[in-house]
Engineer: 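Quick one: the structure is below, questions incoming.
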Amino acid sequence: MYHQATYDEPLLIELKGEEERSVDVDLPENLKREKLNIPNLEEWQVVRHYTRLSQMNYGIDINTYPLGSCTMKYNPKLNEEIARWFMYLHPYQDERTVQGALQIMYELQEMLKKITDMDDFTLQPAAGAHGELTGMFLVRAYHEFHGELEKRRNVILPDSAHGTNPASATMAGFNVIEIKSNDRGMVDIEALESVVDDTTAAFMITNPNTLGIFEEDIVEIAKIMHKNGALLYYDGANLNAIMGITSPRLMGFDIVHLNLHKTFSTPHGGGGPGGGPVGVRGELVDFLPVPIARYDGTKYYLDYNVKHSIGKVRSFFGNFGVMVKAWAYIKRLGGEGLKEAAIRSVVNSNYLKERIKPYYDLPYKDLRKHEFVVKPKNARALDVAKRLLDFGVHAPTIYFPLIVHEALMIEPTESENKETLDRFAEIMIQIAKEAEENPDILKDAPHNTAVKRVDDVLAARKPVLTWKDKY
Ligand SMILES: *Cc1c(COP(=O)(O)O)cnc(C)c1O
């Protein structure tokens, strides 16, 4: 069974050890420190310390990471290398000296336009949720321009929505109306029609939805929104299932955000840098944030001249390194490669679903796309997730979407091969059997990790946010 480095093993640096050193620099006396709190160590000690810390961590470079909704696909190292070429650029550099960087931004916008069929893009938002907020500001600006913001106060979303959707709509000043999904796990058209009217600003939805089910009435939904003067917002976190096969525009969406760090591969989780570009169609292009990278036939430049721009939504130009990685990923795969990635992600997810289906409850009948949601038959989702860690596998997303109780949301992505999928399925099957025969082994799990079962509630109520609190 899996063994992970533990805190108890030797060679961890003691982060205490204050040292007295005289600091001979010309500073005002009151600013000088009397003591330096820096450990005095050999190089090899520092190397071993950080190597050991990395062994206590988990990432996609170690094993599969089937975290539903988060699209934890493999991050090719070439992309990191290419992003590193740009690391000495400064955002205040003259445009003439950063033509290559501007070209990458411009080309990325063009590629995202092609993938989504949208008319224009901003690369500024720093993550999906930030893209949503930007999108909601665009909804505001659009209705304000048409003199309707006063009455269009409501944003509608399904009860399967990601938690960031209602949060973004609320932060942008809208009221949120949640509608129930139907018994197939899709938007209930009747429920939608009963709440849409001239107070509706927008409908926010992801497709395939968070159950991994494709909303087959999406074109009808778009018609209902547009007939009522409202906009349709695409949460693009699930684009991995459909890229190259259909597009947000074909489905009828007006505004989309994409999660560069999910669909187009950048190491994420733990709050690392992300990218949440927002694309729009039609007259919405006049409201986009500035600046936008443009090309005039001879040179690339930043265009601050957007007619009714909502302004800036982030300092400088967004997370440029993430843009470079997305650019490199898309360039390398090409249109056909992206489409194949989508198809494989769907095939992998359905293969895994079929393998574990006899041992877990599978709510809803329709075909799944790149992810699926199951429920343990004889255990809590939390205990299954903790037990998975003992086998050296990252747990899936749990307790989301909210409409499935004890949900385990599994997304293997296209990166995994049949051997990894089979191994994961076998572990899931073994845990299902343990839940029946020896449930205590689940309740005490994990047994083999550096940190054993943690008190999640206490951690949320009394978070320890710096090492100083610990040592
Ligand atoms: C991840 C995700 C988001 C939020 O994106 P972040 O980049 O994490 O801010 C929104 N909606 C869905 C469905 C997601 O999976």
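Note that the coordinates shown come from a computational prediction; the quantities given were computed from them, not determined experimentally. Only this structure's heavy atoms are used, side chains among them; waters, hydrogens and symmetry mates stay out. As the structure lists them, so they are numbered: ligands from 1, and atoms in each ligand from 1.
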Engineer: For A129, is at least one N or O under 3.5 Å away from an N or O on ligand 1?
Structural biologist: yes
Engineer: Using distance alone, decide if ligand 1 has a nitrogen or oxygen within less than 3.5 Å of any nitrogen or oxygen in S69.
Structural biologist: yes
Engineer: Quick check on contacts: which atoms of ligand 1 are under 4.0 angstrom from a heavy atom of A237?
Structural biologist: 2 (C), 11 (N), 12 (C), 13 (C), 14 (C), 15 (O)
Engineer: Would you say the side chains of N165 and E132 form a donor-acceptor pair under 3.5 Å?
Structural biologist: yes
Engineer: Just jot down the ligand 1 atoms closer than 4.0 angstrom to any heavy atom of K262, in number order.
Structural biologist: 1 (C), 2 (C), 3 (C), 5 (O), 14 (C), 15 (O)
Engineer: Hey, would you say the Y58 and Y65 ring centroids sit under 6.0 Å apart?
Structural biologist: yes
Engineer: Looking only at N/O atoms, are G128 and ligand 1 under 3.5 Å apart anywhere?
Structural biologist: yes
Engineer: Heavy-atom count check: over 12 atoms from other residues, nucleotides or ligands less than 6.0 Å from K113 NZ?
Structural biologist: yes
Engineer: When only distance counts, is D235 in polar contact with ligand 1, meaning an N/O pair under 3.5 Å?
Structural biologist: yes
Engineer: Indicate whether the side chain of T200 and that of N228 have a donor and an acceptor atom separated by less than 3.5 Å.
Structural biologist: no
Engineer: So between E132, E411, H261, whose heavy atom ends up nearest atom 7 (O) of ligand 1?
Structural biologist: H261
Engineer: For H130, state whether at least one heavy atom is located under 4.0 Å from any atom of ligand 1.
Structural biologist: no
Engineer: Would you say the side-chain atoms of N240 and T71 include a donor-acceptor pair closer than 3.5 Å?
Structural biologist: no
Engineer: List, one per line, each side-chain donor-acceptor pair under 3.5 Å for residues 282-292, sequence neighbours excluded.
Structural biologist:
{"residue": "E283", "atom": "OE1", "partner": "H146", "partner atom": "NE2", "Å": "3.1"}
{"residue": "E283", "atom": "OE2", "partner": "H146", "partner atom": "NE2", "Å": "3.3"}

Engineer: What is the nearest protein non-hydrogen atom to atom 5 (O) of ligand 1, stated with its residue, atom name and distance?
Structural biologist: N259 ND2, 3.0 Å
Engineer: As a check for students: among H268, H257, H162, M204, identify the option with a heavy atom nearest to atom 3 (C) of ligand 1.
Structural biologist: H162
Engineer: Can N57 and S54 be counted as having a side-chain donor-acceptor contact under 3.5 angstrom?
Structural biologist: no
